[in-house]
A.B. asks: 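Have a look at this one before I ask anything.
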Amino acid sequence: MSLPKPHPLAHTSLVVSAAIFAFPLLWMVLSSLKPSTQLVEDPYAFWPRQWQWSNYVEAVQAMPYLRYLRNTLLLAGGSVVGSVLSCSLVAYGFARVRWRGRNVLFGVLIATMLLPWHVTMIPRFLLLRELGLYNSLAALVVPTFLGDAFYIFLLRQFFLTIPEELSEAGRLDGLGEWGIFCRIIMPLSTPALATVALFQFIASWNDFSGPLLYLSDPDKFPLAYGLEQFVSSYSDQTHLLLAAATLFTLPIVILFFLTQRTFLRGIATTGLKG
Amino acid sequence: MSANIRRNLTGIAFVSPWLIGLGLLFAYPFAASLYWSFCRYDLLSPPEFIGTQHYQRLAAEIAAGEGFGRAIWNTGYFALLSVPLSIALGVGLATMLSWKVRGQAVYRTLFFLPSVVPVVASSALWIWLLDPRDGILNRLLESVAAPRQLWFKGATEAMAPPDWFDFGSKDALILMSLWGVGNFMVIYLAAIGDIPEQLYEAAELDGAGRLRRFWHVTIPMLSPVIFFNLVMGMIQSVQAFTQVYIVSEGTGEPAAWSLMLSLHLFLSAFQDLDMGYASAMSWLLFVFLLIATALLFRTSRNWVHYQGAGR
Amino acid sequence: MLSRLLLCCLMLLALVVVISAWTEPPDARNVVPATRREVVFWHFWGGEDRTVVEAVVDRFNASQDEHFVRAIAMPGNNLDMKLFMAITGGDPPDVINQDDPIMADWAERGALLPLDEVASDSEIDALQKWLVPAANRLGTYRGRMYALCNGLDIRALYYNKTVLDQYGLQPPKSIDDLDEIAAATTVIQPDGRVVRFGYLPDARRLWAWGIVFGGEFDDDETGEVTLASRPIVEALAWMVSYRDRYGAAEVAAFRQGDQSLPGKTFPLLAGRYTMLMDGQWRVRDIVAAQREQRRAGQVVVEYGVCPLPFPPAGRPRAGWVNGNFFLVPRGAKNPAGAWEFMKFWSGFGGHEANAAQTCVAGGWIPVSTAVADQPTFRDYLQREPLFATFVELAAEPHQIPTPVMPGAAYFQRTVNDAAATAMYVEAAPDAKQLLEQAASRIQAHLDRNASRGER
């Protein structure tokens, strides 16, 4: 990537917008360190009166943290594998193989996203129960192996931007569609695949309703459930909620920070001629 | 001929995981909800066929601007503002983030982060930030002598006459959604990475300045993902639920000014036990979204630029 | 890419294995002993209350050798959804705890087990005599008991005694007193912004003021919606007089400020009001704040509680009541166990001392005077005199819930919407018009429901 170096004025705008985006987060972290009494007496103060690190200890101890963490990792890991594998296959079929009925079925794919989940939730639950998946993490992981319209659509858009000549070259070398998919398209799509992996990871990491509806055994609940328990209809434990939310977000931040280069390593840097 | 069949089979083989999912997990729920939309169905006793009564009621509500009609207006306002703004903001941020500046990784993480914060926490943050009396945003507005806004309690719309720029509950929700633009930004970032350098070099040789290069190279090359964002943004904003539920405490307050379709649907189905009505509402919504996306796909031929000639 | 993905997955798996090795064994609370019958209990309690709930469950399990309660907390809006899924799937829990006005809706549709199918008629008779009137009202639909209350939510008027003393004022007895104190102790900045409201009616509390002004929201006999009757219109008009005095925008902004307080903080403690109607659960917030002030060596602000003041034609010691109650879904596998647990928690059938302990721990109002008279609870009231007013009010006849009828949730929502429009929207129609509109909407909804019943 070598887009031009920014104009100094543009650089300033970057810094300013970063500050705007960061401000609520900074507040979240600072508030998570405030004593609960300060939140009550002076809710709009910026700095903590005293740095109450024990909020974090208390937040973690309020739930079986390791157990929930393990469940979340199983859930997120399984779903990422499922989504990346199934969605890349399906997207390839929609983007780069010409077959009868392709456009109609793609229309159906988009249509599956258009009905609000609240009205399909109960029959879907009954189906998963018939399949014997109720009260198991598989109820949430198995469907990801059957493709998700959002990710399929996204990958299709990326696959469509890869020049057709590359596929032609592969065909001349005697590759079949499977060979082109594995050897040409997938390696060129690292940023897109990484994006799907990241999105699915975050979606599973944050999912609260899914596990609650499809699981009935608290020992199988994920971290997102532990977070919700600080909210009550009579009085929230905001200081703990914010501490837990910070802890909860941190792994994703680190993950993203370490992998963010992956999202920008596309065709341009692999040196292929467009 | 046999090559044709072979290609058809190959295509079907690639999409087969999804086809299985379609038959297994989508066909029945879709059919069931369509049937319910013609039934009295209270979730607790078996559905009973009543014809098109729910659809007649929905039509009446649209005509009167109540209930469903009100929810359509609110959702339309939210979607029509938040989708274009989030595209503009997302492309803008992604462009900034592709610059070679020190601490690029930190900036990227910062912009992305808000979309990861759990909604329970981010809602609490925004209720704080947008407090009409002591919230930081209103204090800023006041310091530049602008009028304070009611935000989440405001029965107003910033983009509606006669009182322009009276920010109300929906505007606050739009602001909240823009803060979480990070995930779409990542998609743009990935797409910018795919733009061949030669295109910029060629444009520069032609004497194109920064703006022209952005307009004539970056934007067309991003058009496939902008299109994706447009379609998905529309679908997601129409179905936005959790944040609306939390900030309005499940009521759509003030006075139904933030009663979105998804919230109206939730309340009808699960509080009023009228799943038939909720299903009818969903299917009207479905038909509308289907037409809208079909139109978007149709127009996309004119402005979306795919490098792969695979169409 | 694929190989890297595989590598990532292997690492993740390794991580899971490592964590599993460290993970504590399954929570003993979730493991049903082989000799006991499981009672699956779903509830929505979170925050500090959840600890109290878990303690009750533990005590019940320790007291039993037949049944074993397994509690699952379901925060947010998920309890109802999960219940509907479970009922459709034929696998409901044995008992749930609820606080929304949904009992009549569910009972009407046969989703609930009437308590007379779990208990003998004589036991139900005894229960009805044992409960305070409000708890009976909340649990009874068409003459049958479907719900057993385990706690009542009573509202009264909190006041800042320190401020009243400064102004040499006494707590209000009538609406006129209330208005007078409100006007005297409201503090307005030179720029017109209110710093402290003496009092500001809350839109969601038309339910309370309507009853205090002498109104009925529906006619028990005919089932007609009487929302637009004179006393309720007067109550709303009185509430709106505050909006007229300070402006809808100022009122809305101030009210939003209450919601912006973190952790649902009691706005009275933030010094935002001199008087504020709220429920008994605020007592523990006051106590905590005073303890903190003492600890920090600050001046301790004193607070008091009194019954809602009333107008000349209104009702004394009246108000809007709701509560937490147990329901047994039809299809429950162990209704007998559910019944034992419900009695244990609410205190009926010899469990009074235990229930007193629970109420003290949670700051909850007993559903029977028999529980309130327990020494444990008496001691508690001695320590927390503020709480006593609520307990006394709980036994009063004019503590009235949202109508117990199918469609009650819609009824409640629509009334709250009308009141919010009146209070927060500048160009709102007058009180009578708004209530008439709301009444006709509710009536239409109820009629739709009723035509269902006839088939």
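Below, chain A is the first sequence line, B the second, and so on; all start at residue 1.
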A.B. asks: Check whether B/Asn8 reaches the backbone of A/Arg100 with its side chain - one donor and one acceptor, N or O, closer than 3.5 Å.
C.D. replies: yes
A.B. asks: Count the heavy-atom pairs under 4.5 Å between each of A/Ala244, A/Gly147, A/Ala192, A/Pro116 and chain B, then report the option with the highest count.
C.D. replies: A/Pro116
A.B. asks: Before giving the answer on ring-ring contact (aromatic ring centres under 6.0 Å, His included), spell out for B/Phe241 and A/His118 the whole-Å C-alpha distance, their side-chain angles and the decisive distance to 0.1 Å.
C.D. replies: CA-CA 10 Å; B/Phe241 176 71; A/His118 280 133; 4.7 Å; yes
A.B. asks: If you count heavy-atom pairs under 4.5 Å with chain B, which of A/Ser17, A/Gly101, A/Ser167, A/Cys87 comes out on top?
C.D. replies: A/Ser17
A.B. asks: Any chance you could lay out the side-chain hydrogen bond (donor to acceptor under 3.5 Å, both in side chains) test for A/Ser86 and A/Tyr151, step after step, and finish with the verdict?
C.D. replies: CA-CA 10 Å; A/Ser86 65; A/Tyr151 303 128; over 6 Å; no
A.B. asks: Contact part of A/Val108 toward chain B, heavy-atom cut-off under 4.5 Å: side chain, backbone, both or neither?
C.D. replies: both
A.B. asks: Side chain from CB out, backbone as N, CA, C, O: work out which of these in A/Leu227 comes under 4.5 Å of a heavy atom of chain B, or both, or neither.
C.D. replies: side chain
A.B. asks: Given heavy-atom pairs under 4.5 angstrom as the criterion, report whether the side chain, backbone, both or neither of B/Glu249 touches chain A.
C.D. replies: neither
A.B. asks: Is the charged tip of B/Arg108 near the ring of A/Phe256: under 6.0 Å from the six-membered ring centre and within 45° of its axis?
C.D. replies: no
A.B. asks: A/Arg96 and salt bridge (Lys or Arg N to Asp or Glu O under 4.0 Å): which single residue from A/Glu168, A/Glu164, A/Glu177 fits?
C.D. replies: A/Glu164
A.B. asks: Look at the side chain of A/Gln237 and the backbone N and O of A/Phe230, then say whether any donor-acceptor pair between them is shorter than 3.5 Å.
C.D. replies: no
A.B. asks: Can you say whether B/Ala269 sits under 4.5 Å from chain A via the side chain, the backbone, both, or neither, judging by heavy atoms?
C.D. replies: neither
A.B. asks: Where does B/Leu9 contact chain A at under 4.5 Å (heavy atoms): side chain, backbone, both or neither?
C.D. replies: neither
A.B. asks: Of all of A/Gly107, A/Ala245, A/Gly176, A/Ala111, which one pairs up most often with chain B through heavy atoms under 4.5 Å apart?
C.D. replies: A/Ala111
A.B. asks: Does A/Glu130 have any salt bridge (charged side-chain N to carboxylate O under 4.0 Å, His left out) partners at least two apart in sequence or in another chain, and if so, which?
C.D. replies: none
A.B. asks: If the condition is side chain to side chain contact (heavy atoms under 4.5 Å, CB included), which residues does A/Ala243 pass it with, not counting sequence neighbours?
C.D. replies: A/Ser32, A/Asn55, A/Tyr56, A/Ala59
A.B. asks: Examine distances only and state if a side-chain atom of B/Ser37 and a backbone atom of B/Leu34 form a donor-acceptor pair shorter than 3.5 Å.
C.D. replies: yes
A.B. asks: Quick one: what part of B/Val106 sits under 4.5 Å from any heavy atom of chain A, side chain, backbone, both or neither?
C.D. replies: both
A.B. asks: For B/Phe228 together with A/Phe150, are the ring centres under 6.0 Å from each other?
C.D. replies: yes
A.B. asks: Is chain B contacted by the side chain of A/Leu131, its backbone, both, or neither, given a heavy-atom distance below 4.5 Å?
C.D. replies: side chain
A.B. asks: Is the closest side-chain heavy-atom distance between A/Val15 and B/Tyr107 below 4.5 Å?
C.D. replies: yes
A.B. asks: Below 4.5 Å from any heavy atom of chain B, which atoms of A/Leu241 appear? Answer side chain, backbone, both or neither.
C.D. replies: side chain
A.B. asks: Checking heavy atoms, do the side chain of A/Ile202, its backbone, both or neither come under 4.5 Å from chain B?
C.D. replies: side chain
A.B. asks: Judged by atom type as modelled, is there a donor-acceptor pair below 3.5 Å linking the side chain of A/Gln260 to the main-chain atoms of B/Thr109?
C.D. replies: no
A.B. asks: Looking only at side chains, do B/Tyr277 and B/His264 share a donor and an acceptor under 3.5 Å apart?
C.D. replies: yes
A.B. asks: With a 4.5 angstrom heavy-atom cut-off, is it the side chain or the backbone of B/Leu284 that approaches chain A, or both, or neither?
C.D. replies: neither
A.B. asks: Any side-chain donor paired with an acceptor under 3.5 Å for B/Tyr188 and B/Asn229?
C.D. replies: yes
A.B. asks: Heavy-atom cut-off 4.5 Å, strictly under: side chain, backbone, both or neither for A/Trp205 against chain B?
C.D. replies: neither
A.B. asks: Chain A heavy atoms under 4.5 Å from B/Ser279: which part of the residue, side chain, backbone, both or neither?
C.D. replies: both
A.B. asks: If I measure from the heavy atoms of chain B, does A/Phe106 come under 4.5 Å with its side chain, its backbone, both, or neither?
C.D. replies: side chain
A.B. asks: For B/Leu24, which atoms come within 4.5 Å of any heavy atom of chain A: side chain, backbone, both, or neither?
C.D. replies: both
A.B. asks: Please classify the contact between A/Val119 and chain B as side chain, backbone, both or neither, with a heavy-atom cut-off of under 4.5 Å.
C.D. replies: both
A.B. asks: Go through the atoms of A/Thr246 and report whether side chain, backbone, both or neither lie under 4.5 Å from a heavy atom of chain B.
C.D. replies: neither
A.B. asks: Measuring heavy-atom distances to chain B, does A/Phe153 have an atom under 4.5 Å in its side chain, in its backbone, in both, or in neither?
C.D. replies: both
A.B. asks: Chain B heavy atoms under 4.5 Å from A/Ile252: which part of the residue, side chain, backbone, both or neither?
C.D. replies: side chain
A.B. asks: Please classify the contact between B/Phe270 and chain A as side chain, backbone, both or neither, with a heavy-atom cut-off of under 4.5 Å.
C.D. replies: side chain
A.B. asks: Within this structure, what is the CG-CG distance for the pair B/Leu296 and B/Leu230, rounded to the nearest 0.5 Å?
C.D. replies: 5.0 Å
A.B. asks: What residue, out of A/Thr120, A/Leu154, A/Asn206, has the most heavy-atom pairs lying under 4.5 Å from chain B?
C.D. replies: A/Leu154
A.B. asks: Identify which part of B/Phe112 has an atom lying under 4.5 Å from any heavy atom of chain A, answering side chain, backbone, both or neither.
C.D. replies: side chain
A.B. asks: Checking heavy atoms, do the side chain of B/Phe286, its backbone, both or neither come under 4.5 Å from chain A?
C.D. replies: both
A.B. asks: Please classify the contact between B/Leu265 and chain A as side chain, backbone, both or neither, with a heavy-atom cut-off of under 4.5 Å.
C.D. replies: side chain
A.B. asks: Heavy-atom cut-off 4.5 Å, strictly under: side chain, backbone, both or neither for B/Ile235 against chain A?
C.D. replies: side chain
A.B. asks: Using a cut-off of under 4.5 Å for heavy-atom pairs, which of B/Pro114, B/Ser282, B/Ala32, B/Ser33 has the most such pairs with chain A?
C.D. replies: B/Ser282
A.B. asks: Is A/Ile152 close to chain B through its backbone or its side chain, or both, or neither, when contacts mean heavy atoms under 4.5 Å?
C.D. replies: side chain
A.B. asks: Considering only heavy atoms, which portion of A/Phe248 lies under 4.5 Å from any heavy atom of chain B: side chain, backbone, both, or neither?
C.D. replies: side chain
A.B. asks: For this output row, return yes or no: ring centroids of B/Phe297 and B/Phe227 closer than 6.0 angstrom.
C.D. replies: yes
A.B. asks: Are A/Phe94 and A/Phe159 an aromatic pair by the rule of ring centers under 6.0 Å?
C.D. replies: no
